[in-house]
Each structure stands twice: as structure tokens, then as C-alpha cells.
Number of protein chains: 2
Amino acid sequence: MNDIAAAALPHEDVKKRCSTCSLRHLCLPLGLDQDDIKRLDEVITQRRKVSAGQHLFRVGDAFRSLAAVRAGFFKVYELGADGREQVTGFQTEGELLGLDAISGGVHRGNALALVDAEVCVIPFDRFEDLLTGLPGLQRRFHAILSASIVTSQTLMMMLGTMRAEHRLAAFLLDLSTRLGARGRSPTLLQLPMSREDIGNYLGLKLETVSRVFSQFRREGLVAVAGRAIEILDIDRLRALVSGVLRR
Amino acid sequence: MNDIAAAALPHEDVKKRCSTCSLRHLCLPLGLDQDDIKRLDEVITQRRKVSAGQHLFRVGDAFRSLAAVRAGFFKVYELGADGREQVTGFQTEGELLGLDAISGGVHRGNALALVDAEVCVIPFDRFEDLLTGLPGLQRRFHAILSASIVTSQTLMMMLGTMRAEHRLAAFLLDLSTRLGARGRSPTLLQLPMSREDIGNYLGLKLETVSRVFSQFRREGLVAVAGRAIEILDIDRLRALVSGVLRR
DNA sequence: ATCTGACCTTGACGAAGATCAAAACATACC
DNA sequence: GGTATGTTTTGATCTTCGTCAAGGTCAGAT
């Protein structure tokens with residue numbers, strides 16, 4: 001292979017650019033102009049595949065890069081002093097992993113691929129350097145960090161004030177919205193996580209999650225077939241979350 | 001008054017600079033060199049007093065500035081669709097308010113002064129401009145945002161997995177640490193918030209908070225006199241949180 | 001085809017914490 | 001001082017969810 005051939009971008013690489021990525025309206029590049037995205041392309045050059053059941057990172061791993069989910073689904077969870085597990089989030093396409101490790105330089109959670117997944121690697125040092133020259137990207141990054149705080153607070157609200165049925169309803173609606181924004185069906189959900197993972201995320205036991213699913217099924221809110229969930233009455237689910245329906 | 005006199009900084013203003021602020025080792029300036037802090041001083045020029053019982057901002061207020069708590073104590077809380085309240089945090093000296101409003105441009109929570117308080121106003125546009133020229137400050141700001149995510153996740157863990165006594169113990173220890181870092185007694189706590197606020201923060205009812213306080217008192221962990229709390233056995237409190245003491 | 005293991009559902013029971021109620025206590029205001 | 005008002009403590013009871021246990025379903029391995 002001669003130099004010119006080596007310099008030419010193989011087909012693979014073209015697809016790996018933010019500029020042409022199908023997720024660019026959801027991910028980091030949202031709202032940036034073409035020039036800024038080109039600069040991003042120079043920094044985000046690496047992709048990494050993570051098979052289902054594999055960890056992308058674990059607690060204590062040194063933090064060098066953020067990861068943007070390109071495909072698949074991750075769960076991020078922490079282990080308490082005595083082994084209690086708390087799932088802090090489920091991340092999918094266009095969402096960032098590792099934000100909590102920026103302070104401290106060490107990963108605080110474990111990121112496990114629930115299905116075969118792929119992430120774009122964002123070397124953080126180079127990324128921070130890039131930010132100083134690109135005010136648009138800086139604003140976008142701060143917005144992402146801030147949105148991540150908002151997400152946590154919403155979950156805190158759920159854990160602190162809601163009953164089991166409200167939590168599960170809110171969970172399904174959130175998932176529905178996020179999948180819808182990614183061009184998937186907002187009513188036909190193929191859950192990548194187990195009842196136990198859901199319960200852990202919502203502060204419930206898996207039996208309770210299962211019971212509430214059954215209750216929703218009896219009430220005609222959803223159809224349940226294992227991890228395949230169909231939302232049948234989204235308005236009533238919404239009413240449940242906003243507390244209009246007390247029972 | 002002549003020009004020179006006008007240009008000279010009145011005594012008041014000298015005290016209002018980050019460079020000389022007694023909280024600079026806790027607040028935004030942490031880890032910055034003198035030159036960077038001087039640049040901060042140019043942007044953070046305004047202070048605002050907030051009396052006990054007053055709001056610094058409310059849900060829906062336009063977001064223009066972050067606020068750094070200079071003195072006093074705030075509670076930040078959100079109201080759910082049906083009026084459920086969830087306290088998302090208690091902020092004191094050196095801590096920032098309004099981070100969750102960066103994305104969205106609108107405040108997500110209500111910030112209420114629990115005692116007479118004062119904040120330094122950080123106009124966000126000018127602050128973001130400043131960041132692009134000061135990599136050190138940028139790193140510090142990202143660390144603060146990231147740390148805020150970590151704090152939320154810690155609380156999520158508490159709400160999701162811990163029992164009432166563990167939550168209250170963790171709350172007291174957190175407060176003790178933060179007050180200690182601010183040169184106050186880490187064992188003699190004067191709580192600025194009501195039992196209801198504490199309960200709301202921890203996902204408990206005020207009666208439960210009161211009962212757990214009484215239980216701790218009977219067990220010799222703390223002395224309780226209304227809102228004045230003395231931690232008597234910090235080691236046992238710590239053991240409780242880390243799950244060593246199951247009962 | 002059947003065995004195996006992981007995951008899900010359902011039931012019975014118990015415990016933690018919420019709710020309801022009343023009294024004690026503190027604080028500010030006449 | 002005495003009264004009104006808000007906060008905290010404590011008790012009795014009820015609800016929700018967790019725990020324990022058994023059985024069912026499904027996919028992949030043998």
C-alpha cells in the first residue's frame with residue numbers, strides 16, 4: 001500500500017465521523033455548525049465495540065475518556081460499602097458515559113453493556129483543549145453536564161416521593177420518549193434490562209416490578225410479554241405519573 | 001471626589017474579591033493561580049443578600065447567573081406535577097446554585113434561604129467567555145459540575161437502597177464533614193432546616209425523622225435539643241452507614 | 001426431546017415506614 | 001404574663017412494599 005492510499009480514508013472511516021453520523025442531532029454535535037463538527041472529528045477518532053455482558057469501565061478505572069454511545073444499551077451502577085447495588089442510569093444512543101469521573105479522575109460507577117454495543121471514544125484532555133477554542137461546543141458540553149444533573153434530580157424526585165406504580169409508569173414514559181427521539185417506536189418497547197435492573201434503578205424489588213407490570217396489564221395500560229412491552233394507553237400512564245390518578 | 005480616589009477600591013470592595021475571599025479554597029477559585037483568580041474578580045463583582053425565608057430564584061425564572069453561596073444556608077427544592085415537594089439539596093458556603101439551569105436557560109428548582117444569606121453573582125455569559133481563555137478555571141468548573149452529578153448519585157443511592165436510620169446517619173455525617181471543612185465544629189451542628197425539610201430530602205416523613213433522632217439519642221449516638229445536634233459517637237454513625245451495623 | 005439455568009410471575013406473610021391524632025415544646029406577639 | 005402559631009415528639013393503626021417460597025416460561029446446551 002502506498003502513502004496516498006494510506007492517507008485516503010477507507011469507507012469505514014467516513015462512517016465514523018461526527019459530521020456524517022446519524023446521531024449528530026442527539027449527541028455532542030447538536031446545534032454546532034459544520035466547522036465546529038469538523039474539529040470534533042479530529043479528536044473523536046476511535047470507536048470501541050463492547051459485547052453484551054462486558055464492561056466498558058469499572059469503579060476505580062482511571063478516567064481518560066468520555067464515551068458516547070453509538071449503538072446498544074448500557075447500565076451504569078454503583079456498589080455501596082456493603083455490596084448494595086444501585087443502578088444510576090441506562091444510557092443509549094447519543095448519550096455520554098463517564099461524566100461523573102471528571103472530578104476525581106477515577107470512574108465512580110460500572111458501565112455494563114446490556115446488548116452488543118459500540119461507543120465513540122472522547123479523549124478528555126484533547127476534548128477540553130478543543131473546548132477552549134470552540135465556544136459553541138463549550139456551551140453544548142455545559143448543557144449536557146447540566147442536563148445530566150437534571151436527570152439525576154428527576155430520578156431523586158421519583159425515589160423520594162413516588163409510589164411503585166408511579167415510578168414504573170415514569171420509567172416507561174421516559175424510555176418511550178428517548179426511543180421515540182431515536183426513530184424507534186415509542187409504544188413498542190423491547191426492554192434491554194431485567195426486572196431486577198429496573199427495580200434496582202427505581203428503588204424497588206424485582207417482585208414489585210413484576211407485580212406492577214401485571215397490574216398495568218390487568219388495567220389495560222400496557223401489554224406485557226417478557227421484555228417486550230407495548231404501551232396501550234399512554235395518556236393514562238401520563239395521568240398516573242402526574243398524580244391525577246391516585247389509585 | 002477626584003479620579004484617583006474614585007479609582008481606589010473602597011474597603012467594602014476589597015472584601016468582595018475572590019482573591020482575598022476566605023472561601024477561596026472551597027469555592028470556584030480552588031486550585032487556580034493568582035492571575036486566574038484576578039480574572040475571575042473582573043467577572044464576579046456583585047453580591048446579593050437574601051434574608052431568611054426569601055427565595056433567591058424560583059422555578060421558571062430566567063437563568064442568567066450562577067450563584068456562589070458566600071454566607072448562610074439554602075434549600076433547593078422542586079415541586080412535582082401534583083404539588084409533591086422534593087428537596088434536592090442544601091447548599092452552604094462555597095457551593096454553587098443554579099447548575100441545573102444551564103441546559104434549558106430556566107431555573108428548575110426553587111432556592112430558599114433558610115437563614116440570612118449572601119451570594120456572589122456569577123453572570124453566566126461572561127463566565128463562559130472567561131473559561132475559554134483560562135484552561136485552569138475551565139477544568140475547575142467541569143470538576144464542579146461533575147462533582148454535582150456525583151452528589152446526586154450518592155443521594156440516589158441513599159434513596160434507593162438505604163433504610164431510614166442509614167439515611168439520617170449519612171445526612172448527619174455529610175453535614176458534619178461539610179461544616180468541618182468550613183472551620184465549624186464537625187460535632188456540634190446547628191441545623192438550619194426543619195425535620196420536614198430533612199425528611200423531604202431523605203425521602204421520609206417528618207415523624208420518621210423525629211423517631212430516628214430519638215432512637216439515635218437513646219442509643220447514645222447523638223444528643224438532640226431541637227435543631228441543635230451533637231454527634232457523640234461518630235464512629236458508630238459511620239459504621240451504620242457503611243452497613244456494618246445492620247440493626 | 002429433555003435438561004439446565006436464568007428470568008419472570010404469583011401468593012402468603014411480615015416489617016418498615018406512612019398516616020392519623022394528640023400532646024409537649026418553643027417562639028413571637030399582644 | 002398569656003395567647004396564638006408553628007415545630008417536634010410520641011403513640012396507635014394502616015398501607016405499601018419487601019421477604020420468602022413455589023411454580024412457570026423460555027433459550028440454549030446436551
Side-chain angles (χ1 to χ4, degrees), chain A residues 51-53 75 84-87 112 114-116 158-169 171-172 189-219 222-229 240 243 245-247, chain B residues 51-53 75 82 84-87 112 114-115 158-169 171-172 189-219 222-229 240 243 245-247:
Chain A
S51 334
K75 87 167 174 185
R84 277 178 306 236
E85 180 177 322
Q86 171 73 31
V87 174
L112 179 76
L114 294 171
V115 297
D116 287 344
M158 276 176 45
L159 294 174
T161 71
M162 288 185 181
R163 306 222 323 239
E165 24 185 331
H166 300 160
R167 297 185 199 183
L168 189 61
F171 173 74
L172 290 175
L189 317 177
Q190 181 60 41
L191 304 182
M193 71 292 281
S194 69
R195 300 289 190 262
E196 182 162 22
D197 288 337
I198 297 172
N200 214 308
Y201 179 64
L202 299 176
L204 302 170
K205 291 291 152 181
L206 71 100
E207 293 96 330
T208 304
V209 174
S210 181
R211 277 185 242 274
V212 177
F213 267 127
S214 299
Q215 177 194 329
F216 283 179
R217 181 169 36 69
R218 280 192 299 274
E219 292 170 349
V222 301
V224 182
R227 295 191 179 181
I229 308 286
L240 197 58
L245 296 179
R246 276 260 149 256
R247 279 268 64 201
Chain B
S51 332
K75 88 168 174 184
D82 60 338
R84 278 177 306 234
E85 181 176 321
Q86 171 71 33
V87 175
L112 178 78
L114 294 171
V115 297
M158 276 175 47
L159 294 174
T161 71
M162 287 186 180
R163 305 220 326 235
E165 22 183 330
H166 300 158
R167 296 185 200 184
L168 189 61
F171 173 74
L172 291 175
L189 317 177
Q190 180 61 41
L191 303 182
M193 70 293 280
S194 69
R195 301 288 190 263
E196 182 163 22
D197 287 337
I198 298 173
N200 214 309
Y201 179 63
L202 298 176
L204 302 170
K205 290 291 150 182
L206 68 100
E207 294 96 327
T208 304
V209 174
S210 180
R211 278 184 241 274
V212 176
F213 266 127
S214 298
Q215 177 194 328
F216 283 179
R217 181 169 37 69
R218 281 193 299 275
E219 292 171 348
V222 301
V224 182
R227 295 189 180 183
I229 307 287
L240 198 57
L245 295 180
R246 277 258 148 256
R247 283 266 67 201

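Only this structure's heavy atoms are used, side chains among them; waters, hydrogens and symmetry mates stay out.
- As judged by a 4.0 angstrom heavy-atom cut-off over every strand, Gly199(B) is placed among residues making no nucleic acid contact.
- Of the possible polar contacts, one joining the Asp116(A) side chain to the Ala52(A) backbone as a donor-acceptor pair under 3.5 Å is found.
- Atom C1' of nucleotide dC8(C) and atom CG of Asp197(A) are separated by 13 Å, given to the nearest angstrom.
- Rounded to whole Å, atom C1' of dT19(C) lies 13 Å from atom CZ of Arg163(A).
- Within 4.0 Å (heavy atoms only), Val212(B) reaches no atom of the nucleic acid at all.
- Checked against salt bridge (charged side-chain N to carboxylate O under 4.0 Å, His left out), Lys205(B) has no partners two or more places apart in sequence or in another chain.
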For a quick check, with a 4.0 angstrom heavy-atom cut-off, what is the B/S/- contact string for nucleotides 20-28 of chain D, read 5' to 3'? B--------

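- Here the C1' atom of nucleotide dC7(C) and the CG atom of Leu114(A) are 14 Å apart, to the nearest Å.
- Among the nucleotides dG17(C), dT16(D), dT9(C), the one closest to any side-chain atom of Ala164(B) is dG17(C).
- dT10(C) atom P lies 10 Å from atom CZ of Arg195(A), rounded to whole Å.
- Rounded to whole angstrom, the span from the CG atom of Asn200(A) across to the P atom of dC7(C) amounts to 14 Å.
- At whole-Å resolution of the value, NZ in Lys205(B) and C1' in dT16(D) are 13 Å apart.
- Between Leu168(A) and Val209(A), the shortest heavy-atom contact is CD2-O, 4.1 Å.
- Under the side chain to side chain contact (heavy atoms under 4.5 Å, CB included) criterion, Ala223(A) pairs with Glu230(A), Leu232(A), sequence neighbours left out.
- The phosphate of dG18(D) (OP1 or OP2) has a side-chain N or O of Thr208(A) nearer than 4.0 angstrom.
- Residue Glu207(A) qualifies as enclosed at atom CD: its count of foreign heavy atoms under 6.0 Å is above 12.
- Closest approach of Pro192(A) to Leu114(A), counting heavy atoms only: O-CB, 3.7 Å.
- When rounded to the nearest whole Å, the span between CZ of Arg227(B) and C1' of dA26(C) equals 11 Å.
- Comparing the start and finish of the helix from dA1(C)-dT30(D) to dC30(C)-dG1(D), five pairs each, the helix axis swings through 30°, to the nearest 10 degrees.
- Remark: Glu85(B) engages Lys75(B) in a side chain to side chain donor-acceptor pair (under 3.5 Å) (not counting sequence neighbours).
- Contacts of Val224(A) classified as side chain to side chain contact (heavy atoms under 4.5 Å, CB included), with partners at least two apart in sequence or in another chain: Arg195(A), Phe213(A), Arg217(A), Val222(A), Ile229(A).
- Of the possible polar contacts, one joining the Arg167(A) side chain to the Leu202(A) backbone as a donor-acceptor pair under 3.5 Å is found.
- Using a 4.0 Å heavy-atom distance criterion, Arg167(B) is classed as making no nucleic acid contact.
- OP1 or OP2 of dC7(C) has not a single side-chain nitrogen or oxygen of Ser194(A) nearer than 4.0 Å.
- Rounding to whole angstrom units, CD1 of residue Ile229(A) and C1' of dT9(C) are separated by 13 Å.
- For the OP1/OP2 pair of dT10(D) and a distance below 4.0 Å, the side-chain nitrogens and oxygens of Ser214(B) include at least one atom meeting the criterion.
- Among the protein residues, Leu206(A) comes within range of the nucleic acid bases, having at least one heavy atom under 4.0 Å from a base atom.
- A pairwise comparison of heavy atoms in Gln86(A) and Tyr201(A) identifies NE2-O, 3.6 Å as the closest pair.
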